[in-house]
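A quick write-up on the structure given underneath.
Heads up: numbering here begins at 1 and tracks the sequence. Excluded from the calculations below are hydrogen atoms, water molecules and symmetry mates; all remaining heavy atoms, backbone and side chain alike, are included. A quick note: this is a predicted structure, and the numbers were derived from the prediction, not measured.
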Amino acid sequence: QVQLVESGGGSVQAGGSLRLSCLASGYTISRRPMGWFRQAPGKEREGVAGRDRFGATYYAESVKGRFTISADNAENSLYLQMNSLKPEDTAMYYCATTPYDSLSYSDLIQPSQYDSWGQGTQVTVSS
């Protein structure tokens, strides 16, 4: 079965950087779109960045220019490089994969299009 394990979260000051990793098992990441999502306390889960199986990417406006999603097929892993972090980026971050072979660009960051989720990794940004 599909398993996703995130790592790399932590506490940083505003302006700092973190790199999140998501190790996948039970399937090959190159065959399906994948995405990064986050959920802050009291808020709904929101899409941050998505990547289709051809490498095309899509970002939420709030992170565009600061975050970069990438993948290493040999490692079967997905990454999220987060730069210029802000306090409002504080949240639990999740990676996820979809049962679909492809998604439209905007659907790459729609939580409803994904059915397999990791346990999450906490990111805390202090001012």
Side-chain angles (χ1 to χ4, degrees):
Q1 80 247 32
V2 174
Q3 287 193 329
L4 303 169
V5 179
E6 301 95 336
S7 61
S11 297
V12 296
Q13 290 192 328
S17 298
L18 284 172
R19 186 182 189 232
L20 306 184
S21 300
C22 172
L23 177 62
S25 60
Y27 84 109
T28 303
I29 66 169
S30 61
R31 295 184 178 179
R32 300 184 201 172
M34 292 189 73
W36 284 99
F37 300 82
R38 66 187 181 188
Q39 187 167 18
K43 295 188 176 181
E44 291 188 357
R45 189 168 297 188
E46 64 173 355
V48 174
R51 184 180 185 276
D52 74 11
R53 57 194 179 103
F54 303 109
T57 57
Y58 190 84
Y59 297 90
E61 284 296 324
S62 59
V63 307
K64 201 173 289 185
R66 301 188 297 122
F67 290 11
T68 303
I69 187 172
S70 63
D72 185 330
N73 292 336
E75 297 292 328
N76 215 38
S77 293
L78 186 74
Y79 304 98
L80 185 68
Q81 178 66 43
M82 305 186 296
N83 299 327
S84 302
L85 283 161
K86 304 176 181 180
E88 51 264 43
D89 294 319
T90 295
M92 185 73 78
Y93 282 71
Y94 302 88
C95 68
T97 189
T98 175
Y100 309 109
D101 291 335
S102 63
L103 294 171
S104 66
Y105 282 135
S106 59
D107 277 348
L108 285 172
I109 58 169
Q110 292 301 321
S112 61
Q113 300 298 322
Y114 291 79
D115 69 343
S116 296
W117 299 82
Q119 84 290 348
T121 185
Q122 178 67 37
V123 171
T124 302
V125 184
S126 58
S127 58

- Message: Working to the nearest 0.5 angstrom, can you tell me the gap between Thr68 OG1 and Tyr79 OH?
- Response: 14.5 Å
- Task: Specify the closest pair of heavy atoms between Ala60 and Gly47, including all atoms of both residues, with the distance to one decimal.
- Result: CB-O, 3.5 Å
- If you take all heavy atoms of Ser102 and Pro33, which pair is closest and at what distance? CA-CG, 3.9 Å
- Item | Donor-acceptor pair, side chain of Asn76 and main chain of Tyr27, under 3.5 angstrom | yes
- Message: Test of understanding: clusters of I, L, V, M, F, W, Y form through side-chain heavy atoms closer than 4.5 Å, transitively. Do Leu80 and Val125 belong to the same one?
- Response: yes
- May I ask you to test the Thr90-Gln122 pair for a side-chain heavy-atom distance under 4.5 Å? yes
- Query: Are Tyr59 and Val48 side-chain neighbours, meaning at least one heavy-atom pair lies under 4.5 Å?
  - Reply: no
- Task: Hey, could you give me the CZ/SG distance between Phe37 and Cys95, rounded to the nearest 0.5 Å?
- Result: 9.5 Å
- Message: A side-chain contact here means heavy atoms from C-beta on lying under 4.5 Å apart; do Leu78 and Trp36 qualify?
- Response: yes
- Task: Just grab all the salt bridge (charged side-chain N to carboxylate O under 4.0 Å, His left out) pairs involving residues 14-43, residues at least two apart or on different chains.
- Result: Arg38-Glu46, Arg38-Asp89
- Query: If you measure from OH on Tyr93 to CG on Leu18, what distance do you get to the nearest 0.5 Å?
  - Reply: 9.0 Å
- Task: Using a 4.5 Å cut-off on heavy atoms from C-beta on, say whether the side chain of Met82 contacts that of Ser17.
- Result: no
- Donor-acceptor pair, side chain of Thr98 and main chain of Tyr100, under 3.5 angstrom: yes
Got a list of side-chain donor-acceptor pairs under 3.5 Å for residues 110-121, not counting sequence neighbours?
| unit_1 | atom_1 | unit_2 | atom_2 | d |
| --- | --- | --- | --- | --- |
| Tyr114 | OH | Leu108 | O | 2.6 |
| Gln119 | NE2 | Glu6 | O | 3.2 |
| Thr121 | OG1 | Gly9 | N | 3.0 |

- Are any side-chain N or O atoms of Arg51 and backbone N or O atoms of Ile69, one a donor and one an acceptor, separated by less than 3.5 Å? no
- Any side-chain heavy-atom pair of Ile29 and Asn73 under 4.5 Å: yes
- Query: Just wondering, do Gln3 and Ser25 contact through their side chains at under 4.5 Å, heavy atoms?
  - Reply: yes
- Item | Min side-chain heavy-atom separation Ser77-Ser21 under 4.5 Å | no
- Message: Could you report the tightest heavy-atom contact between Leu4 and Ala24, atom names first, then the distance?
- Response: CD2-CB, 3.6 Å
- Min side-chain heavy-atom separation Asp107-Tyr58 under 4.5 Å: no
- Query: If you measure from NZ on Lys64 to OG1 on Thr57, what distance do you get to the nearest 0.5 Å?
  - Reply: 9.5 Å
- Run the numbers on Met34 and Cys22 for side chain to side chain contact (heavy atoms under 4.5 Å, CB included), then give the verdict. CA-CA 10 Å; Met34 292 189 73; Cys22 172; 4.2 Å; yes
